[in-house]
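What follows is a short report on a single structure.
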Number of protein chains: 2
Amino acid sequence: MKPASKETSRALNTYTKLMRAAESVTSRVHRVLAMPQLTISQFGVLEALYHKGPLCQRDIGSKILKSSGNITLVIDNLEKRNLVIRVRDESDRRYFTINLTEAGTDLIAKVFEDVEASIVREMASLEENEQVLLGQLCKKLGMKGGVAS
Amino acid sequence: MKPASKETSRALNTYTKLMRAAESVTSRVHRVLAMPQLTISQFGVLEALYHKGPLCQRDIGSKILKSSGNITLVIDNLEKRNLVIRVRDESDRRYFTINLTEAGTDLIAKVFEDVEASIVREMASLEENEQVLLGQLCKKLGMKGGVAS
DNA sequence: GTCGTATAGTTTAATGTTAAGTTATATTAT
DNA sequence: ATAATATAACTTAACATTAAACTATACGAC
(Lines give C-alpha, C1' and ligand atoms only; values in the text may rest on other atoms or scores of the structure.)
Protein backbone atom coordinates (compact mmCIF):
# COMPACT_ATOMS: atom_id res chain seq x y z
CA MET A 1 0.00 0.00 0.00
CA LYS A 2 1.82 3.09 -1.17
CA PRO A 3 1.26 6.41 0.64
CA ALA A 4 -1.44 8.49 -0.98
CA SER A 5 -0.62 11.98 -2.17
CA LYS A 6 -2.33 14.92 -0.56
CA GLU A 7 -4.58 15.32 -3.61
CA THR A 8 -5.53 11.68 -3.54
CA SER A 9 -6.35 11.71 0.16
CA ARG A 10 -8.51 14.75 -0.27
CA ALA A 11 -10.37 13.24 -3.20
CA LEU A 12 -10.97 9.95 -1.38
CA ASN A 13 -12.03 11.77 1.71
CA THR A 14 -14.55 13.90 -0.11
CA TYR A 15 -15.82 10.94 -2.08
CA THR A 16 -16.39 8.96 1.09
CA LYS A 17 -18.25 11.78 2.77
CA LEU A 18 -20.39 12.28 -0.30
CA MET A 19 -21.33 8.62 -0.43
CA ARG A 20 -22.02 8.41 3.29
CA ALA A 21 -24.23 11.48 3.18
CA ALA A 22 -26.17 10.24 0.17
CA GLU A 23 -26.65 6.84 1.72
CA SER A 24 -27.54 8.11 5.14
CA VAL A 25 -30.09 10.57 3.79
CA THR A 26 -31.71 8.16 1.33
CA SER A 27 -31.93 5.37 3.83
CA ARG A 28 -33.92 7.61 6.13
CA VAL A 29 -36.06 9.07 3.37
CA HIS A 30 -36.87 5.64 2.01
CA ARG A 31 -38.28 4.47 5.31
CA VAL A 32 -41.41 6.37 4.33
CA LEU A 33 -41.97 3.79 1.58
CA ALA A 34 -42.23 0.85 3.95
CA MET A 35 -45.74 1.70 5.07
CA PRO A 36 -47.38 1.86 1.63
CA GLN A 37 -45.29 -1.20 0.69
CA LEU A 38 -43.62 0.46 -2.25
CA THR A 39 -40.21 -0.47 -3.54
CA ILE A 40 -37.93 2.35 -4.55
CA SER A 41 -38.49 1.53 -8.20
CA GLN A 42 -42.24 1.48 -7.75
CA PHE A 43 -42.09 4.85 -6.05
CA GLY A 44 -39.89 6.13 -8.88
CA VAL A 45 -42.41 5.05 -11.50
CA LEU A 46 -45.39 6.50 -9.69
CA GLU A 47 -43.56 9.71 -9.01
CA ALA A 48 -42.53 10.06 -12.65
CA LEU A 49 -46.10 9.55 -13.81
CA TYR A 50 -47.40 11.93 -11.15
CA HIS A 51 -45.13 14.76 -12.19
CA LYS A 52 -44.80 14.17 -15.92
CA GLY A 53 -48.14 12.62 -16.80
CA PRO A 54 -48.59 9.35 -18.73
CA LEU A 55 -45.38 7.91 -20.16
CA CYS A 56 -44.37 4.85 -22.13
CA GLN A 57 -42.20 2.23 -20.45
CA ARG A 58 -39.07 3.20 -22.28
CA ASP A 59 -39.34 6.77 -21.03
CA ILE A 60 -40.00 5.59 -17.51
CA GLY A 61 -36.97 3.34 -17.72
CA SER A 62 -34.71 6.13 -18.82
CA LYS A 63 -36.08 8.32 -16.06
CA ILE A 64 -35.47 5.92 -13.21
CA LEU A 65 -32.42 4.27 -14.79
CA LYS A 66 -33.65 0.73 -14.81
CA SER A 67 -33.55 -1.96 -17.50
CA SER A 68 -36.57 -2.53 -19.72
CA GLY A 69 -37.11 -5.98 -18.28
CA ASN A 70 -37.26 -4.52 -14.86
CA ILE A 71 -39.73 -1.85 -15.88
CA THR A 72 -42.01 -4.52 -17.25
CA LEU A 73 -42.03 -6.24 -13.87
CA VAL A 74 -42.45 -3.07 -11.87
CA ILE A 75 -45.39 -1.99 -14.02
CA ASP A 76 -46.85 -5.50 -13.74
CA ASN A 77 -46.76 -5.26 -9.99
CA LEU A 78 -48.20 -1.78 -9.91
CA GLU A 79 -50.93 -2.85 -12.30
CA LYS A 80 -51.82 -5.81 -10.08
CA ARG A 81 -52.37 -3.35 -7.26
CA ASN A 82 -54.48 -1.18 -9.51
CA LEU A 83 -52.18 1.78 -9.14
CA VAL A 84 -51.45 2.14 -12.86
CA ILE A 85 -52.97 0.91 -16.07
CA ARG A 86 -51.42 0.06 -19.43
CA VAL A 87 -53.09 1.62 -22.44
CA ARG A 88 -52.03 0.43 -25.87
CA ASP A 89 -51.05 3.33 -28.10
CA GLU A 90 -53.23 2.88 -31.17
CA SER A 91 -51.11 5.03 -33.42
CA ASP A 92 -48.04 2.92 -32.70
CA ARG A 93 -49.01 -0.40 -31.24
CA ARG A 94 -45.53 -1.19 -29.95
CA TYR A 95 -46.06 1.28 -27.15
CA PHE A 96 -48.06 1.22 -24.00
CA THR A 97 -48.94 4.46 -22.32
CA ILE A 98 -48.81 3.98 -18.59
CA ASN A 99 -51.44 5.93 -16.70
CA LEU A 100 -51.98 6.44 -13.01
CA THR A 101 -55.34 5.17 -11.82
CA GLU A 102 -57.31 7.22 -9.36
CA ALA A 103 -56.08 4.98 -6.56
CA GLY A 104 -52.54 5.38 -7.85
CA THR A 105 -52.84 9.13 -7.98
CA ASP A 106 -54.20 9.26 -4.45
CA LEU A 107 -51.46 7.01 -3.16
CA ILE A 108 -48.55 8.79 -4.80
CA ALA A 109 -49.92 12.18 -3.78
CA LYS A 110 -49.90 11.11 -0.17
CA VAL A 111 -46.59 9.25 -0.31
CA PHE A 112 -44.85 11.98 -2.22
CA GLU A 113 -45.95 14.46 0.40
CA ASP A 114 -44.41 12.26 3.08
CA VAL A 115 -41.20 11.81 1.13
CA GLU A 116 -41.05 15.52 0.55
CA ALA A 117 -41.49 16.21 4.23
CA SER A 118 -38.79 13.69 5.03
CA ILE A 119 -36.39 15.33 2.59
CA VAL A 120 -37.07 18.73 4.07
CA ARG A 121 -36.43 17.30 7.51
CA GLU A 122 -33.13 15.82 6.39
CA MET A 123 -32.01 18.99 4.67
CA ALA A 124 -32.78 21.01 7.75
CA SER A 125 -29.34 19.97 9.02
CA LEU A 126 -28.03 22.62 6.66
CA GLU A 127 -28.65 26.34 6.60
CA GLU A 128 -30.37 27.81 3.59
CA ASN A 129 -27.18 29.07 1.98
CA GLU A 130 -25.40 25.81 2.72
CA GLN A 131 -28.08 23.89 0.86
CA VAL A 132 -27.67 26.12 -2.15
CA LEU A 133 -23.93 25.74 -2.04
CA LEU A 134 -24.13 21.97 -1.70
CA GLY A 135 -26.43 21.88 -4.69
CA GLN A 136 -24.00 23.89 -6.77
CA LEU A 137 -21.05 21.72 -5.85
CA CYS A 138 -22.98 18.54 -6.56
CA LYS A 139 -24.10 19.86 -9.89
CA LYS A 140 -20.57 20.73 -10.89
CA LEU A 141 -19.39 17.32 -9.77
CA GLY A 142 -22.11 15.41 -11.51
CA MET A 143 -21.56 16.94 -14.91
CA LYS A 144 -20.12 14.29 -17.16
CA GLY A 145 -16.62 14.85 -18.45
CA GLY A 146 -16.16 17.83 -16.18
CA VAL A 147 -12.43 18.28 -16.01
CA ALA A 148 -11.30 14.80 -16.94
CA SER A 149 -7.55 14.38 -16.91
CA MET B 1 -50.42 18.78 -6.20
CA LYS B 2 -50.12 21.75 -3.93
CA PRO B 3 -47.49 24.41 -4.62
CA ALA B 4 -44.29 23.77 -2.72
CA SER B 5 -42.96 26.40 -0.37
CA LYS B 6 -39.64 28.02 -1.12
CA GLU B 7 -37.97 25.99 1.62
CA THR B 8 -39.41 22.78 0.28
CA SER B 9 -38.32 23.52 -3.28
CA ARG B 10 -34.84 24.28 -2.13
CA ALA B 11 -34.60 21.11 -0.07
CA LEU B 12 -35.89 18.95 -2.91
CA ASN B 13 -33.61 20.62 -5.36
CA THR B 14 -30.55 20.08 -3.23
CA TYR B 15 -31.56 16.52 -2.49
CA THR B 16 -31.95 15.73 -6.17
CA LYS B 17 -28.59 17.22 -7.05
CA LEU B 18 -26.93 15.31 -4.24
CA MET B 19 -28.42 12.04 -5.41
CA ARG B 20 -27.56 12.66 -9.03
CA ALA B 21 -23.99 13.55 -8.20
CA ALA B 22 -23.54 10.51 -6.00
CA GLU B 23 -25.03 8.23 -8.60
CA SER B 24 -23.20 9.72 -11.50
CA VAL B 25 -19.85 9.55 -9.74
CA THR B 26 -20.29 6.02 -8.39
CA SER B 27 -21.52 4.66 -11.67
CA ARG B 28 -18.34 5.84 -13.33
CA VAL B 29 -16.09 4.71 -10.49
CA HIS B 30 -17.67 1.28 -10.42
CA ARG B 31 -16.90 0.64 -14.06
CA VAL B 32 -13.41 -0.18 -12.90
CA LEU B 33 -14.82 -3.29 -11.21
CA ALA B 34 -16.12 -4.83 -14.42
CA MET B 35 -12.73 -5.98 -15.61
CA PRO B 36 -11.74 -7.94 -12.49
CA GLN B 37 -15.34 -9.23 -12.36
CA LEU B 38 -16.00 -7.96 -8.87
CA THR B 39 -19.38 -6.99 -7.57
CA ILE B 40 -19.58 -3.87 -5.45
CA SER B 41 -20.03 -5.98 -2.34
CA GLN B 42 -17.06 -8.14 -3.20
CA PHE B 43 -14.96 -5.04 -3.69
CA GLY B 44 -16.22 -3.69 -0.39
CA VAL B 45 -15.18 -6.83 1.45
CA LEU B 46 -11.75 -7.01 -0.13
CA GLU B 47 -11.19 -3.34 0.48
CA ALA B 48 -12.18 -3.62 4.14
CA LEU B 49 -9.78 -6.52 4.66
CA TYR B 50 -7.06 -4.72 2.77
CA HIS B 51 -7.24 -1.61 4.90
CA LYS B 52 -8.27 -3.05 8.26
CA GLY B 53 -6.66 -6.47 8.21
CA PRO B 54 -8.49 -9.74 8.93
CA LEU B 55 -12.05 -9.31 10.18
CA CYS B 56 -14.91 -11.56 11.18
CA GLN B 57 -18.02 -11.64 9.01
CA ARG B 58 -20.11 -9.61 11.40
CA ASP B 59 -17.61 -6.77 11.33
CA ILE B 60 -17.42 -6.93 7.56
CA GLY B 61 -21.18 -6.78 7.39
CA SER B 62 -21.41 -3.73 9.57
CA LYS B 63 -18.70 -2.08 7.50
CA ILE B 64 -20.34 -2.59 4.13
CA LEU B 65 -23.91 -2.45 5.43
CA LYS B 66 -25.09 -5.80 4.19
CA SER B 67 -27.06 -8.55 5.89
CA SER B 68 -25.25 -11.47 7.47
CA GLY B 69 -26.75 -13.90 4.97
CA ASN B 70 -25.40 -11.85 2.17
CA ILE B 71 -21.94 -11.70 3.69
CA THR B 72 -21.90 -15.48 3.85
CA LEU B 73 -22.56 -15.64 0.12
CA VAL B 74 -20.10 -12.93 -0.79
CA ILE B 75 -17.36 -14.61 1.24
CA ASP B 76 -18.28 -17.96 -0.31
CA ASN B 77 -17.81 -16.52 -3.76
CA LEU B 78 -14.56 -14.81 -2.89
CA GLU B 79 -13.31 -18.01 -1.29
CA LYS B 80 -14.15 -20.00 -4.43
CA ARG B 81 -11.93 -17.62 -6.35
CA ASN B 82 -9.19 -18.04 -3.78
CA LEU B 83 -9.18 -14.37 -2.91
CA VAL B 84 -9.94 -14.86 0.78
CA ILE B 85 -9.83 -17.72 3.24
CA ARG B 86 -11.94 -18.46 6.31
CA VAL B 87 -9.98 -19.29 9.44
CA ARG B 88 -11.90 -20.61 12.42
CA ASP B 89 -11.16 -18.64 15.56
CA GLU B 90 -10.07 -21.28 18.04
CA SER B 91 -10.70 -19.14 21.10
CA ASP B 92 -14.33 -18.62 20.07
CA ARG B 93 -15.39 -21.16 17.52
CA ARG B 94 -18.47 -19.22 16.47
CA TYR B 95 -16.25 -16.81 14.57
CA PHE B 96 -14.36 -17.04 11.36
CA THR B 97 -11.54 -14.67 10.73
CA ILE B 98 -11.54 -13.76 7.06
CA ASN B 99 -8.07 -13.32 5.61
CA LEU B 100 -6.96 -12.08 2.23
CA THR B 101 -4.93 -14.65 0.33
CA GLU B 102 -1.86 -13.56 -1.56
CA ALA B 103 -3.90 -13.55 -4.77
CA GLY B 104 -6.59 -11.54 -3.03
CA THR B 105 -4.09 -9.03 -1.74
CA ASP B 106 -2.56 -8.63 -5.16
CA LEU B 107 -5.93 -8.19 -6.79
CA ILE B 108 -7.33 -5.66 -4.36
CA ALA B 109 -4.08 -3.70 -4.37
CA LYS B 110 -4.36 -3.30 -8.11
CA VAL B 111 -8.10 -2.71 -8.19
CA PHE B 112 -8.04 -0.27 -5.33
CA GLU B 113 -5.37 1.70 -7.11
CA ASP B 114 -7.62 1.89 -10.16
CA VAL B 115 -10.65 2.88 -8.11
CA GLU B 116 -8.61 5.49 -6.34
CA ALA B 117 -7.41 6.92 -9.64
CA SER B 118 -10.97 6.97 -10.88
CA ILE B 119 -12.15 8.84 -7.80
CA VAL B 120 -9.38 11.37 -8.16
CA ARG B 121 -10.37 11.84 -11.78
CA GLU B 122 -14.00 12.38 -10.82
CA MET B 123 -13.16 14.80 -8.06
CA ALA B 124 -10.98 16.81 -10.39
CA SER B 125 -14.18 18.54 -11.50
CA LEU B 126 -13.89 20.50 -8.29
CA GLU B 127 -11.15 22.80 -7.09
CA GLU B 128 -9.26 21.86 -3.98
CA ASN B 129 -11.20 24.19 -1.69
CA GLU B 130 -14.50 23.11 -3.25
CA GLN B 131 -13.74 19.51 -2.43
CA VAL B 132 -13.05 20.40 1.17
CA LEU B 133 -16.23 22.42 1.35
CA LEU B 134 -18.30 19.65 -0.21
CA GLY B 135 -16.87 17.23 2.31
CA GLN B 136 -17.82 19.49 5.19
CA LEU B 137 -21.36 19.97 3.96
CA CYS B 138 -21.82 16.26 3.38
CA LYS B 139 -20.51 15.48 6.81
CA LYS B 140 -22.89 17.91 8.42
CA LEU B 141 -25.76 16.50 6.39
CA GLY B 142 -24.93 12.90 7.11
CA MET B 143 -24.87 13.27 10.86
CA LYS B 144 -27.85 11.43 12.27
CA GLY B 145 -30.40 13.47 14.09
CA GLY B 146 -28.82 16.69 12.90
CA VAL B 147 -31.54 19.26 13.34
CA ALA B 148 -34.61 17.08 13.21
CA SER B 149 -37.81 19.00 13.51
C1' DG C 1 -22.25 -28.30 36.29
C1' DT C 2 -26.87 -27.19 33.87
C1' DC C 3 -30.25 -24.31 31.73
C1' DG C 4 -31.54 -20.26 29.46
C1' DT C 5 -30.04 -16.63 26.67
C1' DA C 6 -27.13 -14.41 23.36
C1' DT C 7 -24.31 -14.39 19.31
C1' DA C 8 -21.82 -15.90 14.63
C1' DG C 9 -22.70 -17.81 10.76
C1' DT C 10 -25.68 -20.61 7.45
C1' DT C 11 -29.79 -21.79 4.93
C1' DT C 12 -34.03 -20.93 2.61
C1' DA C 13 -37.67 -18.48 0.27
C1' DA C 14 -39.12 -14.39 -1.78
C1' DT C 15 -38.05 -10.52 -4.44
C1' DG C 16 -35.44 -7.14 -7.31
C1' DT C 17 -32.17 -6.58 -10.85
C1' DT C 18 -29.76 -7.13 -15.20
C1' DA C 19 -28.36 -9.03 -19.71
C1' DA C 20 -29.58 -11.54 -23.55
C1' DG C 21 -32.75 -13.23 -26.48
C1' DT C 22 -37.74 -13.14 -28.39
C1' DT C 23 -42.02 -11.23 -30.41
C1' DA C 24 -44.76 -7.74 -32.33
C1' DT C 25 -44.96 -3.56 -34.64
C1' DA C 26 -43.12 0.24 -37.36
C1' DT C 27 -39.97 2.40 -40.62
C1' DT C 28 -36.79 2.65 -44.42
C1' DA C 29 -34.65 1.33 -48.70
C1' DT C 30 -35.21 -0.77 -52.80
C1' DA D 1 -45.09 -4.04 -52.24
C1' DT D 2 -41.24 -6.40 -50.05
C1' DA D 3 -37.21 -7.05 -47.42
C1' DA D 4 -34.14 -5.37 -44.05
C1' DT D 5 -33.63 -2.83 -40.03
C1' DA D 6 -35.02 -0.66 -35.81
C1' DT D 7 -37.65 -0.30 -31.70
C1' DA D 8 -41.06 -1.34 -27.55
C1' DA D 9 -42.14 -4.54 -24.59
C1' DC D 10 -41.79 -9.25 -22.78
C1' DT D 11 -39.45 -13.52 -21.26
C1' DT D 12 -35.91 -16.15 -19.29
C1' DA D 13 -31.85 -17.32 -16.67
C1' DA D 14 -28.54 -15.90 -13.55
C1' DC D 15 -27.42 -13.60 -9.57
C1' DA D 16 -27.66 -10.19 -5.47
C1' DT D 17 -30.15 -9.08 -1.61
C1' DT D 18 -32.97 -9.45 2.52
C1' DA D 19 -35.70 -11.42 6.31
C1' DA D 20 -36.57 -15.20 8.95
C1' DA D 21 -35.66 -19.59 10.58
C1' DC D 22 -31.99 -22.57 11.98
C1' DT D 23 -27.39 -24.58 13.92
C1' DA D 24 -23.39 -24.32 16.62
C1' DT D 25 -20.93 -22.18 20.10
C1' DA D 26 -20.31 -19.26 24.21
C1' DC D 27 -21.63 -17.04 28.47
C1' DG D 28 -24.13 -16.10 32.84
C1' DA D 29 -27.23 -17.18 36.63
C1' DC D 30 -28.39 -20.41 39.58
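Below, chain A is the first sequence line, B the second, and so on; all start at residue 1. Not measured: the values here are computed from a predicted model.
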## Note on the structure
Sorted by number, residues from residues 66-84 of chain B placing a heavy atom under 4.0 Å from DNA chain D are B/Lys66, B/Ser67, B/Gly69, B/Asn70, B/Leu73, B/Asn77
What is the distance, to the nearest angstrom, from the [atom1] atom on [X] to the [atom2] atom on [N]?
X       : N      : atom1 : atom2 : result
A/Gln37 : C/dG16 : CD    : C1'   : 15 Å
A/Gln57 : C/dT25 : CD    : P     : 15 Å
A/Arg93 : C/dT25 : CZ    : P     : 6 Å
A/Arg58 : C/dA26 : CZ    : P     : 15 Å
B/Phe96 : C/dG9  : CZ    : P     : 8 Å
A/Ile40 : C/dT15 : CD1   : C1'   : 13 Å

### Summary
Taken in chain and number order and not counting sequence neighbours, the residues that satisfy salt bridge (Lys or Arg N to Asp or Glu O under 4.0 Å) with B/Glu128 are A/Arg10
### Summary
Across all chains, not counting sequence neighbours, the salt bridge (Lys or Arg N to Asp or Glu O under 4.0 Å) partners of A/Asp114 are A/Lys110
### Query
Taking for each residue the nucleotide of DNA chain D with the nearest heavy atom, is it A/Asp92 or B/Ser91 whose nucleotide lies nearer the 5' end?
A/Asp92
### Along DNA chain D, first and last positions that approach a heavy atom of chain A under 4.0 Å
D/dA6 to D/dT11
#### Entry: Heavy-atom pair of closest approach, residues B/Leu134 and A/Cys138
CD1-SG, 4.3 Å
### Query
Taking only residues two or more places apart in sequence, or in another chain, which ones meet B/Lys6 in a side chain to side chain donor-acceptor pair (under 3.5 Å)?
none
### Message
When you measure from the side chain of A/Asn99 to the backbone of A/Thr97, do you find a donor-acceptor pair of N or O atoms at a distance under 3.5 Å?
### Response
yes
### Message
Is it the case that the side chain of B/Gln57 and the backbone of B/Ser68 share a donor-acceptor pair, with hydrogens and angles ignored and the cut-off at 3.5 Å?
### Response
no
#### Entry: Ion pair check, A/Arg86 and A/Asp76, cut-off under 4.0 Å
yes
### Query
Which part of the nucleic acid, if any, lies within contact of B/Arg88, taking any heavy atom under 4.0 Å across all strands shown: a base, the sugar-phosphate backbone alone, or nothing?
nothing
### Message
If you take the centroid of each ring, where Trp contributes its six-membered ring, are A/Phe43 and A/His30 closer together than 6.0 Å?
### Response
no
### Task
Among residues two or more places apart or on two chains, list those pairs meeting side chain to side chain donor-acceptor pair (under 3.5 Å) that have a residue in residues 36-46 of chain A.
A/Ser41-A/Lys66
#### Entry: Presence of A/Thr39 side-chain N/O under 4.0 Å of C/dT15 phosphate oxygens OP1/OP2
no
